Amino acid sequence: MSSLFRSEEMCLVQLFFQTESAHNCISELGHLGLVQFKDLNPGVAAFQRRFVKEVKKCEEMERILRYLEKEMVKSNIVIAATKEKEMVPCARDVLELESTFEKLEQELREINRNHAALRQNLIELMDIDSLLRMTEDFFEEAESLLTYSEPPSEDSVSMTVSSHITSRRNSNSSTSGALHLSFIAGVIKQERFPAFEKVLWRLFHGNFVLRHTEMQATEELQAVRGAVKKDVFIIFVQGDHVREKIRKVCEGFRASLYSCPKTLYERKQMSNSVMTQMEDLRMILRRTEEYRAGVLTRAAEHVQEWGSKVKKMKAIYYTLNLCNIDITQKLIVAEIWCPVSDLTLVQSALIKGSEQSGSSVTPVLNRIQTQQTPPTFNRTNTFTEGFQAIIDAYGVGTYLEINPAPYTIVTFPFLFAVMFGDCGHGLVMTLFAVWVISQAESLRKWKNELTDVVIGGRYIILLMGMFSIYTGLIYNDCFSKSFNIFGSSWCVRPMFHAHGPWQNETLHEYHHLQLNPFVPGVYSGDPYVFGIDPVWNIASNKLSFLNSFKMKMSVILGVSHMLFGVALSLVNFVHFRKFQDIFLQFVPQLIFMLSLFGYLIFLILYKWCITLRSETAPSILLLFINMMLFDYQSEHVLLYRGQKGVQIFLVLTAVLMVPVLLLVKPFLIYRTRMKTRHQVFRNNLNDQHGTDTRSSYSQHQKDEMVSMGDIFVYQAIHTIEFCLGCISNTTSYLRLWALSLAHAELSEVLWRMVLQVGLKISSGMGSLMLVVLFAAFAVLTVTVLLIMEGLSAFLHALRLHWVEFQNKFYEGSGYKFTPLSFDSLLKTQQ
Amino acid sequence: MPSLLFCGPKLAACGIVLSIWGVIMLSMLGIFFSAKSAVLIEDVPFTEEDIRDDKNPPQKIYGLYNQVGINCFIAAAIYVGVGAVSLCQVRLNKRQEYMVT
């Protein structure tokens with residue numbers, strides 16, 4: 001019967017199946033998810049295995065799929081999710097898939113290349129277009145200057161130049177002589193322009209004219225080229241030599257140069273042709289994009305299905321690499337670990353697989369005995385998965401060891417809640433967990449690591465929240481205020497005049513007054529029905545009471561938890577039939593713990609139950625210390641008669657247990673070894689030709705590899721760890737008190753500093769301030785108190801489990817059962 | 001009519017959660033203040049003179065309790081409004097999502 005109590009019994013099974021049916025059989029086993037394949041070729045390197053080529057092919061296909069998916073995401077094409085389980089393709093289908101993929105990839109790459117080239121062309125044409133438009137302005141400016149100006153004078157270089165230009169055009173009207181002027185036009189990035197200008201000035205000392213404007217960034221331009229700003233410039237110079245230099249400078253600054261025709265008419269023609277070219281290009285680009293979108297959409301319908309097929313293929317080939325192939329190449333031998341209770345399921349899966357492949361021979365299962373340790377398999381469901389995960393995070397249990405997970409389901413949220421105890425915060429946490437549980441599937445799509453952790457632990461958070469509500473009711477703490485449901489047991493009125501010592505003047509004189517429970521009527525005699533009395537919430541010595549209460553409670557909870565751990569070790573001993581250990585380890589440990597710390601708990605409970613006068617009540621801590629030091633002076637107050645005798649007896653018992661733990665077991669081992677050695681010697685002497693005895697003697701020698709010294713040291717370490725650990729671990733449980741104190745104080749500070757400010761405003765604006773301050777209170781509660789304190793308490797509760805609880809019985813040296821399972825493979829990849 | 005949408009889907013969802021919490025918690029606080037709970041004494045803005053100069057002993061303090069209670073109820077009502085606005089924003093966001101795709 002499988003249960004969470006102990007890990008499952010596993011068996012090693014040999015499988016024989018035909019090579020043709022290998023694919024189908026392994027795929028059926030993969031769908032089943034219950035077998036782990038053992039590596040039968042451990043010495044072989046990865047690139048020497050039989051199916052390494054096929055694995056490489058699968059990886060290549062995965063690479064193509066990733067490329068396709070990236071392209072789809074870039075073009076905002078939705079990838080359809082697959083619904084049903086696909087069949088795994090056999091070897092022929094693999095080739096088909098492979099060729100489909102390669103074709104798709106080539107096509108897509110070509111489309112992308114063409115698209116890029118076309119886009120580059122379009123950019124160039126756009127540059128030329130804006131260049132023409134801008135330089136139009138320059139030429140017009142030059143012309144207008146010439147029309148309105150006098151015959152050129154020498155003062156402005158630009159006028160001279162422009163007149164030279166027009167002189168070239170009109171072919172004579174300038175008076176300064178027909179100089180051969182030429183110009184260079186181009187486009188450069190705006191950020192490079194100042195440096196460009198400077199270099200030109202340094203080179204040519206101003207023997208040129210440079211005009212530039214910023215190119216208008218139309219929307220289309222931005223879509224095509226991006227938000228890069230460019231400038232159009234035109235340089236007028238004389239001489240070809242200079243032109244070459246300028247060309248080199250432009251190349252250095254990566255400015256693109258375009259030839260610009262000189263006459264207006266030519267420019268207009270060029271502008272028109274550029275326009276038509278641009279229109280054509282735009283249409284071609286659109287068509288290309290549509291075609292690309294079509295190809296991708298068609299691929300998008302299948303891409304998920306292909307992806308999972310390829311992953312399954314890769315897993316199958318990887319598994320085949322682990323198996324042995326027979327000499328005749330017809331038989332595959334595999335060794336698997338599988339749970340004993342699932343053998344029939346495995347068998348039926350194999351039969352189904354071999355039927356699908358149409359092979360005539362059914363696979364053979366052969367269970368073999370082995371000395372190797374099987375993997376540890378704990379069958380979990382969605383609820384227990386989270387708790388098993390946090391146990392396994394520390395160490396996977398040894399094979400067939402007792403599993404701490406079912407107890408952790410209760411103790412972990414409980415210890416968390418002791419440190420977190422607040423009804424209101426617990427309620428918010430529970431509601432959050434309920435929401436995560438209901439939205440778990442849709443939240444998984446976010447694929448964020450943090451959300452994955454929260455989703456994995458949603459049931460843990462739910463339990464933590466519910467337990468926190470419970471401990472919040474016990475601590476009577478809800479956002480740092482208490483509930484008075486059942487009527488407080490304390491009453492102030494009887495302290496006043498008629499029965500009690502207070503007068504009207506007492507109220508005026510003193511800032512703090514103490515309620516005296518011995519005055520009749522002040523304390524009703526019955527404690528508050530459930531939890532801490534609400535009067536403590538408004539008492540100023542609340543912490544003195546709560547600290548003492550919480551510290552004692554932490555010690556009680558801690559010692560109980562540890563005793564439970566020791567008791568679990570008994571179950572382990574019984575299961576593994578180590579009966580000797582029960583008497584040599586379990587019993588002394590139990591007696592040691594009970595006589596010291598069990599007695600401490602008894603003292604605490606006893607002191608809580610009896611009536612004492614607070615002035616003369618003995619401190620439990622001092623009682624305990626004096627007990628260990630055997631310090632019994634007459635003025636010390638004891639709790640009950642005969643306490644001295646009882647305590648001396650308990651301490652002596654505990655001290656006696658230490659040598660029992662330390663020495664008895666190694667001595668027994670030593671004695672058994674001596675005995676067997678004597679036996680072997682005697683047998684050896686008796687029959688000289690006993691090859692059996694000689695072999696058994698060498699066997700014993702092998703057993704004695706672990707020397708006696710090692711055994712003594714190991715036992716000493718274990719004893720010291722347990723005995724000193726008892727004290728340190730008990731003290732460690734005081735963190736339950738510390739964190740709950742911190743949480744309560746933080747909660748109170750938040751209320752007082754944030755919300756109370758809003759409540760105390762009595763003017764009309766009070767409600768508006770309250771609205772704002774409540775929002776701040778809510779945000780701070782969630783971030784500081786829920787998330788930060790929650791994580792902190794989670795961590796400390798986890799540590800208490802991992803160290804203080806589990807080191808009493810848990811070995812945790814197994815390895816986890818990792819079956820070949822397509823479900824988990826696809827889930828992790830997604 | 002210009003778009004009434006001014007916050008994204010996440011902010012609107014936070015607004016809804018905050019307003020639900022605010023409505024519940026503030027109205028409960030209002031009820032407890034009106035019931036003159038003793039645990040909430042420190043949140044009531046009374047001074048020494050209120051206690052000393054009171055003609056009719058607890059009535060002044062009770063009056064202050066009622067005042068704070070009413071403040072809490074008004075704040076809860078404001079949060080109902082904030083919640084309604086957030087709900088509208090959530091609906092508008094959903095509609096915009098449908099229109100884009």
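First the proteins, then the strands, lettered A, B, ... as listed; each starts at 1. Remember, it's a predicted structure, so these values are computed and weren't measured experimentally.
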4.5 Å side-chain heavy-atom contact, A:F483 and B:V39: no
Interface moiety of A:T781 toward chain B, non-hydrogen atoms closer than 4.5 Å: side chain
Interchain contact, B:F73 with chain A, by part (heavy-atom threshold 4.5 Å): neither
Considering all heavy atoms, the nearest A:A778-B:W21 contact: CB-CZ3, 3.8 Å
Among A:L768, A:V428, A:L770, residue most engaged with chain B (heavy-atom pairs, under 4.5 Å): A:L770
Chain B contact via A:V782 - side chain, backbone, both or neither, heavy atoms under 4.5 Å: side chain
Separation of B:L40 CG from A:L759 CG (nearest 0.5 Å): 8.0 Å
Residue pair B:L18 / A:F774: nearest heavy atoms and the distance that separates them: O-CE2, 4.4 Å
More than 12 heavy atoms from other groups under 6.0 Å of CZ on A:F530: yes
Side chain / backbone / both / neither for B:L26 at chain A, heavy atoms under 4.5 Å: side chain
Within 6.0 angstrom of B:E48 CD, more than 12 heavy atoms from elsewhere: no
Carboxylate-amine/guanidinium contact A:R752 B:D43, below 4.0 Å: no
Minimum heavy-atom distance A:S767-B:A75, with the two atoms named: O-CB, 3.9 Å
Region of B:C14 in contact with chain A, defined by heavy-atom distances below 4.5 Å: neither
Interface moiety of A:L431 toward chain B, non-hydrogen atoms closer than 4.5 Å: neither
Within 6.0 angstrom of A:Q514 CD, more than 12 heavy atoms from elsewhere: no
Check: B:E42 main-chain N/O paired with A:K760 side-chain donor or acceptor under 3.5 Å: yes
Which atoms of A:N484 approach chain B - backbone, side chain, both or neither, heavy atom under 4.5 Å: neither
A:E290, CD: over 12 other non-hydrogen atoms inside 6.0 angstrom: yes
Nearest atoms (heavy-atom pairs only) where B:I41 meets A:I538: CG2-CG2, 4.3 Å
Contact origin within B:V44 toward chain A - heavy atom pairs under 4.5 Å: backbone
B:Y62, OH atom: more than 12 neighbouring heavy atoms under 6.0 Å: no
Side-chain heavy atoms of A:F479 within contact of B:M25, under 4.5 Å: yes
Over 12 non-hydrogen atoms of neighbours within 6.0 angstrom of OH in A:Y470: no
Which portion of B:Q67 sits near chain A, non-hydrogen atoms under 4.5 angstrom: side chain
Neighbour count above 12 (heavy atom, 6.0 Å) for A:H512 NE2: no
Considering all heavy atoms, the nearest B:N71-A:G766 contact: ND2-CA, 4.0 Å
